[in-house]
Undergrad: 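Below you'll find the structure I mean.
Both ligands and their constituent atoms are indexed starting at 1 by order of listing.
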Amino acid sequence: MIHPDTRPDPAEAAIPYRGKKPAQMLDDLVVPGALDIDESDERLWVPQAPDVSFRPLLLSVSQGYFVNILRVKRSGILSRHQHTGPVHATTLRGRWHYLEHSWWAEEGSYSFEPPGDIHTLEVPAGVDEMITLFHVTGAYIYVDPDGNPEGVEDVFSKLENARNHYEDVGLGADFVNSLIR
Ligand code: FE
């Protein structure tokens, strides 16, 4: 194996791959301006609860995960939940924490939530807007303080909510379909 930096013909490095694609390979997906929160079309934000909305970036029905930006315009408790899969969170604005943990998700921070953990999300007083990019694998199971299940949310419920909202606001089914992989 020749390392690319030591290839005898440097011009070859600039030739795009010209072979076949794997059969059945999914299309790639690009969401322009995904992080332009303040410039984004308000219709893209799917209402979830009063002052809480999400913008889906990718809804993976084939792998059972979703990537979305959560926007919370109030402080207080959001939910107590358990994850069945790993969660990756990049906090874009504001700060939040879980009552069960000592760490804080601060603007610009990345956090990993392990499958199985039960935790209660709070946006602290004084934060008027919390915005976090979440990559959520599997399901949220909403639970009571003893861990008894009270509700479930996953890529399929996110997809249904997004589809209904985007049809209501006139973006149409094709828009949500473009986010599905
Ligand atoms: Fe969580």
Side-chain angles (χ1 to χ4, degrees), residues 26 29-31 33-38 40 42-166 176 179-181:
L26 297 176
L29 170 59
V30 178
V31 180
L35 301 186
D36 296 342
I37 305 295
D38 296 316
S40 64
E42 190 57 32
R43 297 177 302 169
L44 297 171
W45 294 89
V46 182
Q48 177 171 313
D51 301 317
V52 181
S53 55
F54 69 95
R55 179 182 175 183
L57 301 181
L58 187 156
L59 297 158
S60 178
V61 297
S62 56
Q63 298 277 312
Y65 71 88
F66 56 95
V67 179
N68 77 150
I69 304 176
L70 182 70
R71 186 183 69 185
V72 181
K73 291 189 168 189
R74 63 167 172 85
S75 53
I77 299 293
L78 203 64
S79 75
R80 182 188 309 101
H81 57 263
Q82 181 174 36
H83 296 289
T84 66
V87 174
H88 306 274
T90 303
T91 302
L92 305 175
R93 196 174 288 178
R95 61 199 294 266
W96 54 275
H97 75 139
Y98 287 122
L99 300 184
E100 293 79 1
H101 296 296
S102 57
W103 57 267
W104 282 80
E106 308 273 359
E107 188 170 307
S109 74
Y110 162 81
S111 32
F112 165 72
E113 305 178 17
D117 198 36
I118 294 181
H119 46 223
T120 310
L121 197 161
E122 182 187 44
V123 177
V127 173
D128 341 303
E129 192 174 48
M130 174 281 246
I131 297 177
T132 301
L133 172 60
F134 282 104
H135 175 144
V136 179
T137 310
Y140 277 79
I141 302 173
Y142 296 107
V143 300
D144 74 10
D146 299 309
N148 299 303
E150 295 182 325
V152 175
E153 188 161 46
D154 62 10
V155 63
F156 300 104
S157 58
K158 287 285 174 191
L159 172 55
E160 187 179 351
N161 292 348
R163 183 182 298 283
N164 292 339
H165 171 73
Y166 290 146
V176 75
L179 306 178
I180 298 173
R181 290 294 182 274

Undergrad: Consider ring-ring contact (aromatic ring centres under 6.0 Å, His included). Of Phe112, Tyr98, Tyr140, Phe134, which one does His83 pass it with?
TA: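 It is Tyr140, the one option of Phe112, Tyr98, Tyr140, Phe134 that forms the ring-ring contact (aromatic ring centres under 6.0 Å, His included) with His83.
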
Undergrad: Strictly by modelled atom types, are His119 and Glu100 linked by a side-chain donor-acceptor pair under 3.5 Å?
TA: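 No, because no side-chain N or O of His119 sits under 3.5 Å from a partner of the opposite role on Glu100.
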
Undergrad: Can you list, by chain and residue number, the protein N, O or S atoms under 2.8 Å from the Fe ion (ligand 1)?
TA: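 Hits for the Fe ion (ligand 1) below 2.8 Å: His81 NE2, His83 NE2, Tyr98 OH, Glu113 OE1, His119 NE2.
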
Undergrad: CD1/Ile37 to CD1/Ile131 distance, rounded to the nearest 0.5 angstrom?
TA: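 These two atoms lie 4.5 Å from each other.
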
Undergrad: Heavy atoms only: give me the nearest Val127-Ser75 pair and the separation to one decimal.
TA: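 In terms of heavy atoms, the two residues are closest at O-CB, 3.9 Å.
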
Undergrad: Indicate yes or no: does Arg71 engage Glu42 in a salt bridge with an N to O separation below 4.0 Å.
TA: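 Yes, charged N to carboxylate O under 4.0 Å.
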
Undergrad: For residues 58-66, tabulate all N or O donor-acceptor pairs below 3.5 Å that involve a side-chain atom, not counting sequence neighbours.
TA:
{"from": "Ser60", "atom 1": "OG", "to": "Gln63", "atom 2": "N", "distance (Å)": "3.1"}
{"from": "Ser62", "atom 1": "OG", "to": "Arg181", "atom 2": "O", "distance (Å)": "3.3"}

